Each structure stands twice: as C-alpha cells, then as structure tokens.
Amino acid sequence: MNSKADSDTAGLTLNLALLTLILGTGGTFQYGLHISLINAPAKYIQTFINGTWQHRYGSSLQPDTVLLLWSFIVSVYSIGGLLGALAVGHLSVTFGRKKTQLYNNLAALLGALLMGMSQTAHSFEMIILGRLCYGINAGVSLNLHTMYIGECAPQRLRGMITVTVSFFIALGKLMGFVIGLREFMGSEELWPYLMAVSAIPALIQLATLPFFPESPRYLLIDKGDTDGCLKAMQQLWGPGDHSLEVKEMLKEKMAMEGNQIKGMKDLLSDRSVRWQMIMMVLTCGGIQLIGINAVYFYAYDVFQNAGIRESQIPYVSLGIGLTEILTTILCGSVIDCLGRKVLLWMNYGVLTLTLALLTTTLSLQENYSWLPYGSSMLIFIFTFSFGLGPGGVSCVLPTELFIQSYRPAAYSLIGIMNWIGLFVLALVFPFIEEALGPFCFIFFLLYCFFMTVFTLLMLPETKDKSIIEILESFNHLNTREKNHIPIYDTQL
C-alpha cells in the first residue's frame with residue numbers, strides 16, 4: 001500500500017531533470033540541429049566544392065555537377081542515419097543504453113573534426129564523410145535517446161519525460177536556424193566552424209553523462225542486477241519505496257523467461273505482438289507521411305507570396321521553430337492527463353482539415369490577395385497540431401507497446417522506416433510538387449484521415465498503465481491466444 005502511495009506521489013526530481021537535459025543535449029538535439037543547419041552554408045559549400053576542384057585540376061565544374069555533389073552531401077546524412085538505426089538495437093543490448101550513448105558521441109566528434117578541417121585541407125570529401133558521421137550519430141541517438149529516457153522515467157511521468165525527445169528535436173532545429181543566420185555563424189568565413197558546432201553538445205554529454213546511472217529497467221531485466229536497479233531508482237526518483245515499480249519490472253522479466261532478445265525478423269513474424277507492431281509502424285514509422293517536411297518545403301513560397309521580403313523569411317521561419325517547441329512543451333504537460341489516444345486522433349483530425357484548407361488556399365491564392373496570409377496561418381496551425389499530437393506522442397509509444405525483449409528491435413524498425421522515409425521524400429517530393437502543384441498534399445491528407453479513424457477505433461489507451469497491463473489490453477487484437485505473452489499476477 002505504501003509503495004503504491006510513494007509511486008503515485010513521486011515527482012520530477014533534480015537528477016531526473018538533469019538526466020533528461022543531458023540526454024537531450026547529446027541525443028535528438030543533434031538530429032534536429034543538422035536537419036536545419038545544412039541550409040545556411042549551402043551556397044558557400046557549393047562555391048568551396050568548385051574552388052577545390054579548380055585548385056586541384058585547373059578547371060571549374062559544371063553547375064549541374066556541383067549541384068549533384070551538393071545533393072549527395074545533403075542526402076548522405078540519411079544514409080548515415082540508416083546505418084545508425086540498423087546498429088542501435090544490437091549496440092544497446094550489448095553495451096547498455098548509457099555506454100552506447102557515450103560511445104555515440106565519438107561519431108559526432110569525428111564528424112565535427114572532418115568538417116572543421118575540410119577548408120584547410122581543401123577537401124570537400126571530408127564534408128561528405130563528416131555528414132555521414134553526423135548521420136550515424138543521429139541514427140543511433142534518435143532511437144537510443146528515446147529508449148534510455150523512457151526506461152528511466154517512473155510510470156506516472158513516462159509520457160511527460162519521453163515527450164522531451166521531441167522537444168530537443170525542435171530545439172535543435174531552432175538552434176540550427178539561429179546560428180545559421182548571417183548575424184551569427186552563417187557567413188562565408190565561419191561556415192566550417194558552423195558545420196563543426198556538433199562537437200559542443202557531444203563534449204557536454206561525454207563530460208556529464210558518466211555521473212548518471214544506467215537505465216533501471218535495463219539493469220534489472222537484461223542484467224538481473226536488482227541492487228543496481230534500486231540504486232539507480234533512488235538516484236533518479238529520490239528516496240522512497242519503489243517496490244511497486246520493481247514488481248512490475250519483475251513481472252515483465254518473468255514474461256520474458258526463456259526468451260532471448262528478439263530481432264527484427266521476430267518482431268515482424270511473431271503474431272503475439274502483431275497489433276503492437278502495426279500500431280507502431282503506422283504512428284511512428286509512418287510519421288514522414290504526415291507531410292511536416294513537405295509543408296516546410298512550401299513555407300518559403302507561401303511567406304514570399306504573403307509579401308514578406310526574402311531577407312526576412314528566415315526570421316519568420318524561426319517562428320515556425322518556436323511554435324514547434326511550444327507545442328512539444330504543451331504536449332508534455334497534458335499527455336499524462338489527457339492520454340495518448342485523445343491527443344493522436346484529435347490532432348490527426350486537425351492535420352487532415354488543415355491540409356485540406358492549405359490545398360484550397362494555395363490553389364486559389366492568385367485570385368485573392370488575402371489568401372497567402374491564410375496559408376501562412378495554416379502552416380503555423382499545422383506545425384502546432386503536429387507537435388501536440390503525432391510529433392510528441394510517437395516518442396512515447398514504442399517504450400510502452402513492447403516488453404524489454406522486443407524494444408530494441410522495435411526502435412531499430414521505426415528508425416529504419418523514418419530514415420528511408422526522409423530520404424525518399426527528399427528525393428521524390430520535388431517531382432510530385434512539380435507535377436501536382438498545391439495538390440501534392442493529397443497523399444498526406446489521406447494518410448492523416450486514415451490515422452484519425454484508425455487511432456480512434458483501434459488504439460488502446462496506455463496512460464497510467466504498466467507495460468504488462470498495456471500488453472494485456474492488446475490480447476483481444478492479437479489472433480492466436482496460445483502465442484500471447486503470459487501475464488503474471490505473482491506476489492513479489
């Protein structure tokens with residue numbers, strides 16, 4: 001009885017808040033940073049590529065060749081991200097969450113060194129290798145950060161703590177916009193240092209994370225270290241009786257008895273987790289199908305048509321970044337109150353309506369002078385709804401839908417899907433936009449409408465439930481009773 005009371009009254013401690021900050025700084029912050037940072041020095045790097053070629057061979061490159069090399073520099077980040085996503089499941093089990101996160105910073109430091117020295121060495125190949133290293137770092141941290149902090153959070157705070165993953169992505173994007181401005185580091189003289197700025201968060205995490213414990217869930221379930229788990233809980237959650245959480249973890253461990261850590265093949269073929277896998281693939285793996293990056297792609301033209309001067313558009317874009325940050329904060333504040341399901345289906349509905357209206361306003365804006373202002377407002381509404389719904393909630397679900405044996409494979413799968421989706425969208429969307437114009441959003445609209453209905457009808461609520469209770473709620477959806485993961489009610 002006391003343990004239940006202690007669990008219910010446990011609040012956010014200083015140590016847990018600091019761990020959240022440190023993991024975010026060297027985690028998904030890096031991913032968001034390089035999504036936006038690459039835009040600022042684009043013309044300077046293209047000039048550098050041409051100048052380097054001329055220095056070596058005495059002749060200039062054709063503009064198409066320079067553009068091709070630049071496109072490869074941009075896209076190699078996704079290739080690195082895919083490699084990192086493929087490796088994160090194995091690494092997190094072999095070395096643990098904490099050590100893998102620490103080792104991952106070495107990739108960021110190597111990337112920063114290559115970027116910083118590229119101009120001095122007259123080598124654009126170093127920029128390509130640096131972007132690849134950054135991609136590997138982001139591919140690992142995008143999944144590992146979510147897994148680590150989700151496993152460190154007490155059940156009552158699991159939603160709020162895990163949503164910080166999205167907050168740091170948004171913060172990284174905003175920081176990339178800010179330091180890329182001409183007033184800061186977005187100049188021809190400073191671009192190598194701008195591209196090497198990832199060394200700072202990597203060094204901060206390397207210096208501070210060793211003072212914090214490994215994931216309590218990893219220590220108890222994977223390593224069988226009950227004393228280490230209790231010590232980690234005391235450090236992160238404060239003094240008190242945490243036996244209720246330990247009991248839930250031991251039930252989960254008993255459910256895994258005799259089962260090894262599962263691979264991606266097991267995840268895709270095991271009917272006992274079929275619906276968890278379907279839910280995760282649609283809500284987390286398919287997040288690129290919402291169209292947030294496509295809307296960002298259109299934002300420049302929309303703002304320009306609204307009469308905003310070209311030189312001022314980057315500052316308006318900062319407003320989009322701030323909106324994304326504020327919505328992730330709001331999502332973290334309400335997710336453990338309203339629940340995951342409500343935030344998902346309602347905001348998928350808003351996203352569907354917003355895309356329909358945006359398609360209409362973009363189609364008719366040449367006929368009505370005021371419509372570009374309406375389109376601008378819709379972009380901000382779309383960003384707000386994305387952050388409050390799928391953008392925030394999708395970080396929480398993988399931790400909650402799977403027990404420890406499936407979790408690394410689940411994170412690897414959604415990481416692979418996200419990186420492939422990002423790469424394909426960047427490759428294909430410009431052609432879709434050219435062919436369909438403002439009607440290019442129709443595919444994203446249909447996906448958002450489908451997800452509105454799907455999450456409303458099919459997704460069980462997971463807030464305030466243990467992992468075992470969540471698995472039990474999926475039993476009626478999974479088809480073979482004999483393959484269900486057993487639910488234990490043993491008194492521990």
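The shown structure was predicted, so the numbers you read here are calculated from the model rather than taken from an experiment. Quick note: residue numbers are just sequence positions, from 1.
Around CZ of Phe443, the count of heavy atoms belonging to other residues, nucleotides or ligands within 6.0 Å does not exceed 12. Residue Tyr193 qualifies as open at atom OH: its count of foreign heavy atoms under 6.0 Å is 12 or below. Residue Met264 qualifies as enclosed at atom CE: its count of foreign heavy atoms under 6.0 Å is above 12. Heavy-atom contacts from other residues, nucleotides or ligands closer than 6.0 Å to NZ of Lys231 number 12 or fewer. For Leu181, the CG atom sits in a packed shell: over 12 heavy atoms of surrounding residues, nucleotides or ligands are nearer than 6.0 Å. No more than 12 heavy atoms of other residues, nucleotides or ligands lie within 6.0 Å of CD in Gln62, so this atom counts as exposed by the packing criterion.
Checked against the 6.0 Å centroid criterion, the rings of Phe48 and Trp53 do not qualify as a close aromatic pair.
In this structure, Tyr44 and Thr47 have side chains that are not in contact, with every pair of non-hydrogen atoms separated by 4.5 Å or more. The side-chain heavy atoms of Leu422 and Leu425, taken from C-beta on, include no pair separated by under 4.5 Å. Side-chain contact between Ile204 and Ile22 is absent, with no heavy atoms from C-beta onward closer than 4.5 Å. Taking 4.5 Å as the limit, some side-chain heavy atom of Leu209 sits within range of a side-chain heavy atom of Gln101. Contact annotation: the side chain of Met279 approaches that of Leu401 to within less than 4.5 Å [non-hydrogen atoms, C-beta and beyond]. Counting heavy atoms from C-beta outward, Thr164 and Leu23 have side chains that stay 4.5 Å or more apart. Between Leu19 and Asn15 there is no side-chain heavy-atom pair separated by less than 4.5 Å. The shortest distance between side-chain heavy atoms of Ile179 and Leu194 falls below 4.5 Å.
Under a 3.5 Å cut-off, the side chain of Trp191 and the backbone N or O of Lys43 do not form any donor-acceptor pair. With Lys98 contributing its side chain and Phe212 its backbone, the two residues share a donor-acceptor pair below 3.5 Å. Checking side-chain atoms of Asn104 against main-chain N and O of Asn137 turns up a donor-acceptor pair under 3.5 Å. A donor-acceptor contact shorter than 3.5 Å is absent between the side chain of Ser215 and the backbone of Tyr148. Side-chain atoms of Ser92 come within 3.5 Å of backbone atoms of Gly89 as a donor-acceptor pair (strictly under, hydrogens ignored). Checking side-chain atoms of Ser166 against main-chain N and O of Thr328 turns up no donor-acceptor pair under 3.5 Å. Ser123 contributes a side-chain N or O that, together with a main-chain N or O of Met126, makes up a donor-acceptor pair within less than 3.5 Å. When atom types are taken as modelled, the side chain of Ser394 and the backbone of Cys284 share no donor-acceptor pair closer than 3.5 angstrom. Between the side chain of Ser385 and the backbone N or O of Ile381, no donor-acceptor pair lies under 3.5 Å. The backbone N or O of Tyr31 sits nowhere less than 3.5 Å from a side-chain atom of Thr28 that would complete a donor-acceptor pair.
Met147 CE to Leu142 CG: the interatomic distance, rounded to the nearest 0.5 Å, is 11.0 Å. In this structure, CG on Leu355 lies 9.5 Å from SG on Cys440, to the nearest 0.5 angstrom. One finds the CG atom of Leu206 at 4.0 Å from the CG atom of Asn105 (value rounded to the nearest 0.5 Å). Taken to the nearest 0.5 Å, the CG atom of Leu91 stands 11.5 Å off from the CG atom of Asn143. Separating the OG1 atom in Thr208 from the CG atom in Leu203 is a distance of 10.5 Å, to the nearest 0.5 Å. Note that CZ of Phe382 is 11.0 Å distant from CD1 of Ile320, once rounded to the nearest 0.5 Å.
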Next item on the list: Might you work through the side chain to side chain contact (heavy atoms under 4.5 Å, CB included) test for Ile161 and Leu12, ending with a clear yes or no?
Entry: CA-CA 9 Å; Ile161 294 295; Leu12 179 63; 3.7 Å; yes

Item checked: Chi angles and distances behind the side chain to side chain contact (heavy atoms under 4.5 Å, CB included) call for Gln30, Tyr134 -> CA-CA 8 Å; Gln30 298 273 43; Tyr134 282 157; over 6 Å; no

Checklist line | Residue pair Phe95, Tyr103: steps toward the ring pair (Phe, Tyr, Trp, His ring centres under 6.0 Å) verdict | finding: CA-CA 9 Å; Phe95 298 107; Tyr103 296 154; 5.6 Å; yes

Next item on the list: Evaluate the criterion side chain to side chain contact (heavy atoms under 4.5 Å, CB included) for residue pair Thr359 and Ile442; output intermediate values, then yes/no.
Entry: CA-CA 8 Å; Thr359 300; Ile442 192 69; over 6 Å; no

Note to self: Please determine whether salt bridge (charged side-chain N to carboxylate O under 4.0 Å, His left out) holds for the pair Arg340 and Glu400, giving the CA-CA distance in whole Å, both sets of side-chain angles, and the decisive distance to 0.1 Å.
What the structure shows: CA-CA 11 Å; Arg340 288 61 159 154; Glu400 297 184 327; 2.5 Å; yes

Notebook entry, point to check: What do the steps show when you test Phe384 against Val350 for side chain to side chain contact (heavy atoms under 4.5 Å, CB included), and what is the final call?
Noted result: CA-CA 10 Å; Phe384 181 90; Val350 174; over 6 Å; no

Item checked: Worked verdict on Tyr77 versus Trp419 for ring pair (Phe, Tyr, Trp, His ring centres under 6.0 Å) -> CA-CA 9 Å; Tyr77 182 69; Trp419 284 106; 5.5 Å; yes

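Gly332 and Ile335 get closest at one heavy-atom pair: O-CG2, 3.9 Å. Nearest approach of Thr455 to Thr452, heavy atoms of both residues: OG1-O, 3.4 Å. The heavy-atom pair separating Leu362 from Pro438 by the smallest distance is CB-CB, 3.5 Å. Nearest heavy-atom pair, Thr283 versus Leu397, reported as atom, atom and distance to 0.1 Å: OG1-CD1, 3.6 Å. What you find for Ile49 and Leu69 is that their closest heavy atoms are CG2-CD1, 3.6 Å. Nearest heavy-atom pair, Phe29 versus Gly24, reported as atom, atom and distance to 0.1 Å: CB-O, 3.0 Å.
Using modelled atom types and a 3.5 Å distance limit, the side chains of His122 and Thr52 yield no donor-acceptor pair. Side-chain contact annotation: Tyr411 with Thr399, donor-acceptor N/O pair under 3.5 Å present. Between the side chains of Glu324 and Thr383, no donor N or O sits under 3.5 Å from an acceptor N or O. Remark: the Arg407 side chain and the Gln404 side chain contain an N/O donor-acceptor pair separated by less than 3.5 Å. Side chain to side chain, Thr25 and Gln205 fail the donor-acceptor criterion of an N or O pair below 3.5 Å.
Look at Glu125 and Arg131 and you find no salt bridge, because none of the NZ, NE, NH1 or NH2 atoms lies under 4.0 Å from a carboxylate O. Checked for salt-bridge contact, Glu214 and Lys99 miss the test: no charged N lies under 4.0 Å from a carboxylate O.
Checking each of Phe386, Tyr447, Phe449 against Tyr348 for a side-chain contact (heavy atoms from CB on, under 4.5 Å) leaves exactly one that passes, namely Tyr447.
Pairs engaging residues 109-121 under the side-chain hydrogen bond (donor to acceptor under 3.5 Å, both in side chains) rule: none recorded [sequence neighbours left out].
The side-chain contact (heavy atoms from CB on, under 4.5 Å) check on Leu113 picks up Met117, with sequence neighbours excluded.
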